[in-house]
Amino acid sequence: MAAAAIDGVTGELLQARLTPGHDHIRSWIRELPGPVAVTYEAGPTGFVLARVLNTEGIRCEVAAPSKLQRPSGDRVKTDAKDAVHLARLLRLDEVTAVVVPSVEQEAARDLARAREECRGGSDARPPPGLEAATASWHRL
């Protein structure tokens, strides 16, 4: 994964390629001149990293992807460009953060999404040709 940081004093841009492991991410963050704030886009990876960093006293905001300002005309999307863009937005305090749910809330959301996926969406029906055999078709 791509990472970027901006030194608040010098304005220097620091970039790195990190593995997704929390230990690698935390060690890179600890090497940065403080104070440090972190952001990443909400997505399928969940909120574990945000909880870990916040527990360690590192400010971490999970950005709502739909609320991020995107440069006009910039159609080439890369992880490195996204990391630099997020670092700049965070420095300007222009990140719209989502609420980081508790572990229990996240598990309930995951379960509800998995249930919905198993149902095939809100209009779940028996597979074609099995309507008669499943007269008592029940939703999950």
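These numbers were taken from a predicted model, which means no experiment stands behind them.
A donor-acceptor pair under 3.5 Å is absent between the side-chain atoms of T96 and the main chain of A64, judged by distance alone. Within the 3.5 Å criterion, the main-chain N or O of A5 finds no donor-acceptor partner in the side chain of R91. Using modelled atom types, one side-chain atom of Q105 and one backbone atom of S102 make a donor-acceptor pair closer than 3.5 Å. In this structure, the side chain of H85 does not engage the main chain of L68 through any donor-acceptor pair within 3.5 Å. For the pair H24 (side chain) and T19 (backbone), a donor-acceptor distance under 3.5 Å is present.
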Set out, in order, the CA-CA distance, both residues' side-chain angles and the distance that settles salt bridge (charged side-chain N to carboxylate O under 4.0 Å, His left out) for E106 and R51, then state yes or no. CA-CA 12 Å; E106 188 174 13; R51 285 200 266 319; 2.5 Å; yes

Candidate pair L111 and R115, rule side chain to side chain contact (heavy atoms under 4.5 Å, CB included), full reasoning: CA-CA 6 Å; L111 179 62; R115 179 178 179 264; 5.5 Å; no

Show, in sequence, the C-alpha distance, side-chain angles and deciding distance for F47 and V103, and conclude whether the side chain to side chain contact (heavy atoms under 4.5 Å, CB included) test is met. CA-CA 8 Å; F47 299 94; V103 173; over 6 Å; no

Yes or no on salt bridge (charged side-chain N to carboxylate O under 4.0 Å, His left out) for R119 and E116, after CA distance, side-chain angles and deciding distance? CA-CA 5 Å; R119 287 177 49 187; E116 188 65 24; 3.6 Å; yes

Would you check, one step at a time, whether the test side chain to side chain contact (heavy atoms under 4.5 Å, CB included) holds for L14 with I6? CA-CA 6 Å; L14 308 165; I6 299 173; over 6 Å; no

Verify side chain to side chain contact (heavy atoms under 4.5 Å, CB included) between E56 and R30, making sure each step is shown before the conclusion. CA-CA 11 Å; E56 293 185 9; R30 285 188 191 116; 3.1 Å; yes

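Using a 4.5 Å cut-off on side-chain heavy atoms (C-beta onward), V52 and N54 make no contact. Contact of the L90 side chain with the R59 side chain is registered, since non-hydrogen atoms from C-beta on lie closer than 4.5 Å. Residues D79 and M1 form no side-chain contact, since every pair of their non-hydrogen atoms from C-beta on lies 4.5 Å or further apart. The shortest distance between side-chain heavy atoms of E41 and L86 falls below 4.5 Å. Side-chain contact check for T39 versus V62: every heavy-atom pair is 4.5 Å or farther apart.
Taken together through direct or relayed side-chain contacts under 4.5 Å among Ile, Leu, Val, Met, Phe, Trp and Tyr, V36 and L53 form part of one hydrophobic cluster. L89 and Y40 are not part of a single hydrophobic cluster, where members link through side-chain heavy atoms under 4.5 Å apart. By the criterion of side-chain heavy atoms lying less than 4.5 angstrom apart, applied directly or through intervening Ile, Leu, Val, Met, Phe, Trp or Tyr residues, L18 is not grouped with V84; the two fall into different hydrophobic clusters.
Minimum interatomic distance between L49 and H22 (heavy atoms only, all atoms of both residues): CD1-CD2, 3.8 Å. Taking both residues in full, the closest heavy atoms of R17 and A2 are given as NH1-N, 3.4 Å, listed atom of the first, atom of the second, then distance. Minimum heavy-atom separation, R70 to P65: NH2-O, 4.2 Å. The shortest non-hydrogen separation linking K81 to T78 is N-OG1, 3.1 Å.
Rounded to the nearest 0.5 angstrom, I25 CD1 and C60 SG are separated by 9.5 Å.
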